Every structure is written in C-alpha cells, then in structure tokens.
Amino acid sequence: MTVEVSMPDRARADAPGEPESSRVRVRLDIAYDGTDFLGWASQPGLRTVQGVLEDALSKVFREPIQLTVAGRTDAGVHAEGQVAHFDTSGELDPGKLVHRMARFLPKDVRIKRAAPAAPEFDARFSAVRRHYAYRLTTAPYGAEPLHARSVVACRSDVDVDAMRVASRKLLGLHNFAAFCRRREGATTVRELQRFDWVRDGDLLVAYVSADAFCWSMVRSLVGAVLAVGEGRRTPEWVSDLLRQTERSSSVTVAPAHGLSLIGVDYPADEELAARNAQTREMRSVPVAGGGCCGD
C-alpha cells in the first residue's frame with residue numbers, strides 16, 4: 001500500500017538508480033519498552049527494535065526500509081525519545097503513518113511522530129547531544145509492580161549528596177575509557193555535559209547528557225557513582241578513573257532496565273551538513289587506549 005502525501009514540499013534524499021525527486025527522507029521519533037528486545041540493532045533470528053520496526057515499515061511502504069538510529073541501545077534498555085531516519089520512494093502522510101504503525105507494531109514499541117526531514121538530516125551523525133535517564137527506587141519494598149520493568153531497587157540509605165559530588169567530578173571533556181566496553185579503533189573521548197541526581201520521594205533519577213556515549217558508558221557511570229552513595233567508594237576514586245586508559249574492572253555496570261534514552265538534540269537544518277562532517281571526523285580519529293563506541 002502507498003501512504004498518501006499531504007505536504008507540498010517534501011525533503012529529498014539521493015538513492016542509487018533513482019532521481020532525487022523520487023526519494024523522501026523521513027524522521028521518526030520512537031518509544032519502546034526494551035525488556036523483551038535484544039537491543040536496538042538487527043540480529044538474524046532475534047527480536048530487536050530495529051528488526052521489528054523495519055519489518056513493519058517495509059510492509060507499509062512495500063519496499064525494503066533501512067533505519068539509521070541516533071543511539072543503539074543495549075538489550076533491556078528503554079527509549080522515550082529515540083530518533084531514527086529512513087529514505088523511501090513512497091509517499092508520506094505523517095499523521096496517517098503514525099496511526100497505521102500503531103496497528104502494525106507490537107505494544108512495546110511505538111512511533112510517536114513522523115515528519116519529512118532535510119536531505120542532510122542524519123539521525124546518528126547530525127545529533128549534537130543525547131539525553132538519558134536512569135531510574136532507581138530507595139523504597140524498602142523495591143520498585144512498584146507497575147514500574148518494575150523500568151526502575152531498579154537500591155539501598156534506602158544512599159548518600160545522594162555524595163553522589164552529586166562524585167557526578168560533578170566527571171563533567172567535561174575526558175577520556176572515559178574506564179567506563180566503556182572496548183571496541184577496536186573507536187574513541188572513548190566524550191564531553192559529559194550533565195550528570196545530576198533528582199530525588200522525588202523514593203524515586204531517584206540520574207540525568208546524563210553528552211555529545212555521544214561509548215558502549216555501556218551511562219550504566220557504568222551510574223554504577224560507579226552509586227558505589228559512592230553506598231559508602232563503598234569515595235568521590236575521589238571516581239575522578240581517578242578518568243586517568244585510566246582501559247576499562248576498569250572495579251566499576252560495576254548498573255542493570256539495563258533502569259536506563260532510558262529520553263531525548264536527542266539536533267541543529268537547525270542549515271547546520272546539518274557541517275555537523276555531519278564534524279561528527280564523522282571525530283569518529284574517525286582513534287584515541288590511545290582504544291575503546292568502544294555505540295552512541
């Protein structure tokens with residue numbers, strides 16, 4: 001079936017063998033409960049977010065659809081503000097697409113918004129900032145049953161003030177190799193722009209923002225700072241980790257189900273091409289000590 005066009009000016013994107021006017025680039029804003037997915041990235045024979053979405057979109061547009069995503073989340077990690085894009089030769093009515101996909105998709109993944117995008121828009125390389133939330137509960141009985149898939153239980157006596165001190169020591173441009181799973185030839189230098197903690201009764205939420213994240217970086221940051229809150233480590237220990245050039249075995253990775261990608265920031269359309277070039281250049285320069293990637 002073909003999805004109808006309702007806008008007069010469609011964003012275009014080149015495709016091999018097709019004229020530019022036949023292609024439209026589409027941005028999707030996506031949410032999912034990652035509990036029953038083995039991560040974002042497609043894997044043969046396994047249930048992944050990308051696989052489920054591409055299968056449904058390909059049926060709607062009657063052509064193979066390939067998604068490029070802002071952040072490749074791990075198994076069990078959720079998203080409230082994931083962003084992806086794809087190119088299609090089909091026609092687009094954003095409202096109808098969102099409504100139709102709600103019927104095609106399983107209940108644990110939803111396309112919240114679809115919109116035409118500039119040809120230069122790239123969900124991964126155009127991003128200037130990614131935002132995550134990690135949710136914990138200090139309630140003595142653990143997480144509320146309705147939130148058990150997205151909130152992690154921790155000790156009720158954690159020292160949140162000490163955690164805030166430790167988190168501030170990590171802000172700025174650093175090599176976060178101690179917090180990342182190694183991936184050959186990829187940089188572990190990142191600019192951590194926000195890492196703070198907000199408490200609301202028993203709910204304790206870490207908000208973490210950076211230009212990009214290494215593989216398992218957010219969960220490692222949370223795990224390290226939580227050790228400070230539990231009195232097992234000091235804030236100085238956390239800052240000392242920034243001097244390491246390899247992943248630290250002393251850092252405990254927090255459970256996946258507490259983590260959610262809550263937003264991605266992009267520049268104005270006229271700045272997209274420059275941002276893409278800048279990001280690709282940063283990703284192509286290996287850093288001593290190696291590291292992982294995965295945004």
Side-chain angles (χ1 to χ4, degrees), residues 28-41 43 46-53 69-84 98 101-102 105-113 127 129-158 160 163-164 167 179 181 192 194-210 213-227 229-230 251-265 294-295:
L28 301 178
D29 291 80
I30 304 163
Y32 48 87
D33 176 345
T35 305
D36 297 324
F37 289 104
L38 289 175
W40 166 268
Q43 302 179 60
L46 300 178
R47 188 175 190 261
T48 68
V49 182
Q50 181 180 12
V52 167
L53 283 168
V69 74
R72 294 164 292 178
T73 51
D74 289 336
V77 175
H78 315 295
E80 300 154 60
Q82 179 69 278
V83 179
V98 170
M101 293 303 293
L105 291 169
K107 292 182 179 180
D108 51 0
V109 58
R110 282 290 178 268
I111 292 175
K112 299 166 65 175
R113 178 176 177 268
R129 192 175 299 104
R130 294 162 174 85
H131 306 278
Y132 283 87
Y134 194 94
R135 297 179 173 94
L136 298 155
T137 179
T138 59
Y141 51 80
E144 292 278 357
L146 288 177
H147 301 147
R149 291 159 67 103
S150 60
V151 177
V152 174
C154 69
R155 283 171 37 177
S156 60
D157 61 347
V158 290
V160 179
M163 293 164 65
R164 289 174 177 140
S167 296
F179 300 91
R181 294 183 183 176
L192 187 62
R194 181 186 183 187
F195 190 7
D196 58 17
W197 297 82
V198 176
R199 188 162 197 167
D200 181 9
D202 292 327
L203 183 64
L204 181 60
V205 184
Y207 291 99
V208 190
S209 302
F213 290 94
C214 308
W215 188 12
S216 85
M217 178 176 163
V218 181
R219 291 164 57 200
S220 296
L221 290 171
V222 170
V225 171
L226 190 58
E230 294 174 343
V251 174
T252 299
V253 179
H257 70 277
L259 185 61
S260 181
L261 174 61
I262 60 174
V264 186
D265 296 341
D295 306 308

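Given the structure is predicted, the values throughout are model-derived calculations rather than measurements.
- Contact of the Leu204 side chain with the Val198 side chain is not registered, since no non-hydrogen atoms from C-beta on lie closer than 4.5 Å.
- Between Arg47 and Asp108, at least one side-chain N (NZ, or NE/NH1/NH2) sits under 4.0 Å from a carboxylate O, which counts as a salt bridge.
- Formation of a donor-acceptor pair under 3.5 Å by the Thr138 side chain with backbone atoms of Ser156 is not found in this model.
- Applying the salt bridge (Lys or Arg N to Asp or Glu O under 4.0 Å) test to pairs two or more places apart or on separate chains, those with a residue in residues 73-84 are Asp74-Arg219, Glu80-Arg135.
- To the nearest 0.5 angstrom, Phe213 atom CZ is 12.0 Å from Ser220 atom OG.
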One pair to check against side chain to side chain contact (heavy atoms under 4.5 Å, CB included): Val77 and Leu261. What are the steps and the verdict? CA-CA 8 Å; Val77 175; Leu261 174 61; 5.8 Å; no
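- Looking at residues two or more places apart in sequence or on another chain, you find no salt bridge (Lys or Arg N to Asp or Glu O under 4.0 Å) involving Glu144.
- In this structure, the separation between CG on Leu105 and OH on Tyr32 is 13.0 Å, given to the nearest 0.5 Å.
- Two rings, from Tyr207 and Tyr132, have their centers 6.0 Å or more apart.
- Here the closest heavy-atom approach between residue Lys112 and residue Ile30 is recorded as CD-C, 4.3 Å.
- With values rounded to the nearest 0.5 angstrom, Arg194 atom CZ is found 11.5 Å from Arg129 atom CZ.
- Distance alone, capped at 3.5 Å, is enough to place a donor-acceptor pair between the Gln43 side chain and the Leu38 backbone.
- Using modelled atom types, one finds a donor on one side chain and an acceptor on the other under 3.5 Å when comparing Trp197 with Ser167.
- Under the salt bridge (Lys or Arg N to Asp or Glu O under 4.0 Å) criterion, Arg110 pairs with no residue at all, not counting sequence neighbours.
- For the atom pair CG (Leu221) and CG (Leu226), the distance works out to 12.5 Å, reported to the nearest 0.5 Å.
- For Tyr134, the side chain to side chain donor-acceptor pair (under 3.5 Å) test picks out no residue, with sequence neighbours left out.
- Taking every heavy atom of both residues into account, Val52 and Phe37 meet most closely at CG2-CE2, 3.8 Å.
- In this structure Asp200 satisfies the salt bridge (Lys or Arg N to Asp or Glu O under 4.0 Å) test with no other residue, sequence neighbours excluded.
- Across all non-hydrogen atoms, the minimal contact from Ala256 to Ala75 is CB-O, 3.3 Å.
- When every heavy atom of Thr137 is checked against every heavy atom of Gly142, the shortest pair comes out as CG2-C, 3.6 Å.
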Run the side chain to side chain contact (heavy atoms under 4.5 Å, CB included) test on Leu259 and Val218 for me, step by step, so that the C-alpha distance in whole Å, both residues' side-chain angles and the decisive distance to 0.1 Å come before the verdict. CA-CA 8 Å; Leu259 185 61; Val218 181; 3.5 Å; yes
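- Residues Arg199 and Val160 come closest through the heavy atom pair NH1-CG2, 3.4 Å.
- Interatomic distance, His147 NE2 to His257 NE2, rounded to the nearest 0.5 Å: 12.5 Å.
- With rounding to the nearest 0.5 Å, the separation of NE2 in His78 from OG1 in Thr73 is 10.0 Å.
- Annotation for Leu136 and Leu203: closest pair O-CD1, 3.4 Å, computed over non-hydrogen atoms.
- His131 and Ser209 share a side-chain donor-acceptor pair at under 3.5 Å.
- Evaluation of the salt bridge (Lys or Arg N to Asp or Glu O under 4.0 Å) rule for Asp33 yields Arg149 as partners, not counting sequence neighbours.
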